[in-house]
Amino acid sequence: MIIKSLDPRISRAQIDDQSATEELKPLDHFETYEVFHQKKRGTHHQHVGTVHAPNPEMALLFGKEQFGRRGVCVNIWVVRSADIFASDYDDSDIFATTPEKQYREATPYKVMDKINEYKAKQGA
Amino acid sequence: MNLNEQNTLALKELLYKMADDLLILGHRNSEWTGIGPMLEEDISFSSMAQDKLGQALALYQLLHELGENEPDTVAFTRNDNQFHSCQLVEYPIGEYDFSLIRHFLFDNAELIRYELLSESSYEPLAKLARKFVGELKYHKFHGDTFVMQLGKGTEESKKRMQASLNASWNLALGIFENSPYEDLLIEEGIWKGEDFLKLRWLEAVQPIIDEAGLQIPDDSNWAPVNGGRTGKHTEHLQPLLDEMTEVFRVDPGAEW
């Protein structure tokens, strides 16, 4: 049976609906790779995006042109997306109280006041 | 190196053929923009085509400094018989296997060519060559990776790569067509010459072709397609030039 669609472009293609159930072979579908690039030696690699590729060499090849061709870059990493072990969005509540823990950050401390006070004392 | 009448002629001949190769192949490869086999590859191939046009411009600029016309005039106002590009670069893009094999064979030669030129006694050229080498390393990496990938891919991909390799081989040998100034260029230390490049190129492509499971045509069948360097071209070059120069001819003074 041929797929019926309101879109003439699909009807014209005469797609046999049996073909849609065929299993994908390895080469029919590339894996995704996450691309990280480094702006300067010694700095962190930063995630810049994703490419489709059949293997790491090709991912590197594509990653360079997709994300390294503009702007400065000295090094690229590619990692199979499937190899990334990630937290679950259902568990996002593990981060929920983080904004309340400002005492862990240095920013709220009004340290400059104390320094200026000290300097003033020294000068006197 | 001090420029004199004779070595300037030799240098110009060298620069013209290198720049013309880059302009013509850069234009050809850009024809894949938007219709490449997959998004990532479309972008990569187009980006390399732009690199080639940029390199061509830099060489035409160098020629201009040696007294030739402006780069735009040189690029857009000559007929096919005034181009010194080898015939390999003017062939239509064909199917992707042909474009890939051509790029693989050509860019392996380009990388070695510009590595050799990095040590040229003509310092402005050596300086440019050192700049090109980085881009060309990627072009070679791209070509090598694709040839190995598709050579080891499916029956069909292997068959296609082999057929294109057979069809391109003698054209690729035409890259190394000797110039009348070959000895002078070597003597003056401008570079080591086409024959030396050809040997180094064979050493570079052989292991990749082996690794890919493909075969270089038997050397009893080698017959370099020469003529391009002296302005003899196939029927494919002039239509390319007509298309490339269309806008220029409508408005030669247009600013971009």
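Here is how names work: the chains are called A, B, and so on, in the same order as the sequence lines, proteins then strands, and each is numbered from 1.
- The backbone N or O of B/Glu40 lies less than 3.5 Å from a partner atom in the side chain of A/Gln66, making a donor-acceptor pair.
- Remark: B/Glu123 CD is packed, more than 12 non-hydrogen atoms of other residues, nucleotides or ligands lying under 6.0 Å away.
- Put simply, the side chain of B/Phe146 reaches to within 4.5 Å of the side chain of A/Met58, judged on heavy atoms.
- A distance of 12.0 Å separates CG in B/Asp42 from CD in A/Glu65, rounded to the nearest 0.5 Å.
- Shown here for B/Met38 and A/His52, the closest heavy-atom pair between the two residues is CE-O, 3.7 Å.
- Between B/Phe141 and A/Leu60, the closest side-chain pair of non-hydrogen atoms falls below 4.5 Å.
- Side-chain N or O atoms of B/Tyr138 include one that pairs as donor or acceptor with a backbone N or O of A/Leu61 at under 3.5 Å.
- For A/Lys101, the NZ atom sits in a packed shell: over 12 heavy atoms of surrounding residues, nucleotides or ligands are nearer than 6.0 Å.
- Counting heavy atoms of neighbouring residues, nucleotides and ligands inside a 6.0 Å radius, atom CH2 of B/Trp32 exceeds 12 of them.
- Other residues, nucleotides and ligands contribute more than 12 heavy atoms inside 6.0 Å of the NZ atom of B/Lys152.
- By the 6.0 Å contact criterion, CD on B/Glu65 is enclosed, its count of non-hydrogen atoms from other residues, nucleotides or ligands being greater than 12.
- Remark: the B/Thr145 side chain and the A/Glu57 side chain contain no N/O donor-acceptor pair separated by less than 3.5 Å.
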